[in-house]
Amino acid sequence: WSWGYEIQHKSEVRVSGYFNEKTWALDKKTHFDFTGQNDTIISTNHFQFIAHSSPLSKEEITTIAQKCEANYTTINDFLGEQIDLPKIDYHFYPTVESKALQKSNMAEASANMDENRVDVVMNDNFQGNVLHVENKLIFRKSLGEPNLLALEAGLSNRFTKNWQKKGYDYWTKKLFLSDNLPPLKELIDNEIYKKESYLVMGTMSATFVDFLI
């Protein structure tokens, strides 16, 4: 048997690991301590940027912060009203493993609606910030929970420049030319939407929302 342990604070794992099976002492090889490693780097009008032992420089985070604020303004202008929302906690992680251990979520970028926070992985292989998952959080807090998942995701992705590096219109063209466009009835079926590829449905939801706009 392999016995492990976790210390949690709210929904976040702060300490985790396994005991040495012979001595029942903490095994240093599998002990992860995430306490005291969070550092608020920048606070802007609508965001608070927090690094979890992230190698990002303050200059790099400043650039990300400027793009997030620009997106916030664009969404605000689209909605036609001033959004009075609490600051969004924006957390950076150095690796997918680090994020998974602390948040039990291996996605490159994710949003937590209840906690008003986003969590992204930033390293040479993953740039979770470019997905702008905070857009989905802003729309959810402003418009409420959607009846159709495709509309909320579509709004978020439509206002994300270069979504999935190329932009949703680029991926829509690829799907069209390869005869892989999903039918509309599947796009607006929440159960089917959740089961299908997010690259496909995320692309088409943005195209659908752009058409509606």
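When reading the values below, keep in mind they use all heavy atoms of this one structure, side chains included, and skip hydrogens, waters and symmetry mates.
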Qualifying side chain to side chain donor-acceptor pair (under 3.5 Å) pairs with a residue from residues 171-181, counting only residues at least two apart or across chains: Thr172-Thr207, Ser178-Asn180
Among the clusters formed by ILVMFWY side chains lying less than 4.5 Å apart, do [X] and [Y] turn up in the same one?
X      : Y      : result
Leu199 : Tyr193 : yes
Val133 : Tyr168 : yes
Leu137 : Leu148 : yes
Phe208 : Ile192 : yes
Ile75  : Leu155 : yes

Could you tell me whether the side chain of Val96 reaches within less than 4.5 Å of the side chain of Glu108, counting heavy atoms only? no
Leu79 side chain near Leu143 side chain, heavy-atom distance below 4.5 Å: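 With C-beta onward as the side chain, the pair touches.
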Met122 and Ile64: CA distance, side-chain angles, deciding distance, side chain to side chain contact (heavy atoms under 4.5 Å, CB included) verdict: CA-CA 11 Å; Met122 290 290 293; Ile64 294 172; 3.8 Å; yes
Could you list the residues that satisfy ring pair (Phe, Tyr, Trp, His ring centres under 6.0 Å) with [X], not counting sequence neighbours?
X      : answer
Phe139 : Phe159
Tyr90  : Phe49, Phe92
Phe176 : none

Minimum heavy-atom distance [X]-[Y], with the two atoms named:
X      : Y      : result
Ser156 : Lys136 : OG-N, 3.3 Å
Leu131 : Ala109 : CD1-CB, 4.1 Å
Ala150 : Ser205 : O-CB, 3.2 Å
Cys68  : Glu134 : SG-OE2, 3.5 Å

Can you list everything that forms a side-chain contact (heavy atoms from CB on, under 4.5 Å) with [X]? Sequence neighbours excluded, please.
X      : result
Lys67  : Thr63, His132
Thr95  : Glu97, Ser98
Pro183 : Lys185, Glu186
Leu85  : Tyr72, Ile83, Ile138, Lys141, Ser142

Quick one: do Asn162 and Val130 satisfy side chain to side chain contact (heavy atoms under 4.5 Å, CB included)? Show the steps, please. CA-CA 8 Å; Asn162 298 326; Val130 300; over 6 Å; no
Partners of Lys99 by side chain to side chain donor-acceptor pair (under 3.5 Å), sequence neighbours excluded? Asn105, Ser110
Across all chains, not counting sequence neighbours, the side chain to side chain donor-acceptor pair (under 3.5 Å) partners of Arg117 are Glu12, His91, Tyr93, Asp119
Is it the case that the side chain of [X] and the backbone of [Y] share a donor-acceptor pair, with hydrogens and angles ignored and the cut-off at 3.5 Å?
X      : Y      : answer
Asn116 : Asp89  : no
Gln127 : Asn123 : yes
Asn157 : Ala206 : no
Glu152 : Glu145 : no

Would you give the length of the straight line joining atom CG of Asn45 to atom NZ of Lys87, rounded to the nearest 0.5 angstrom?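 The CG atom of Asn45 sits 7.0 Å away from the NZ atom of Lys87.
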Any chance you could measure Leu187, atom CG, to Leu151, atom CG, to the nearest 0.5 Å? 8.5 Å
Suppose the criterion is salt bridge (Lys or Arg N to Asp or Glu O under 4.0 Å): which pairs have a residue in residues 193-208, not counting sequence neighbours?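 Counting only pairs at least two positions apart or across chains, the salt bridge (Lys or Arg N to Asp or Glu O under 4.0 Å) contacts touching residues 193-208 are Glu191-Lys194.
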Mind jotting down which residue pairs meet the salt bridge (Lys or Arg N to Asp or Glu O under 4.0 Å) criterion with at least one end in residues 200-212? Sequence neighbours excluded, please.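 Residue pairs with at least one partner in residues 200-212: Arg158-Asp210.
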Would one find more than 12 heavy atoms of other residues, nucleotides or ligands at under 6.0 Å from atom CG of Asn147? no
What do the steps show when you test Trp163 against Thr203 for side chain to side chain contact (heavy atoms under 4.5 Å, CB included), and what is the final call? CA-CA 9 Å; Trp163 183 75; Thr203 295; 3.1 Å; yes
Just do the side chain to side chain contact (heavy atoms under 4.5 Å, CB included) check on Leu181 and Met204 with the steps written out, would you? CA-CA 8 Å; Leu181 291 178; Met204 289 309 302; 3.4 Å; yes
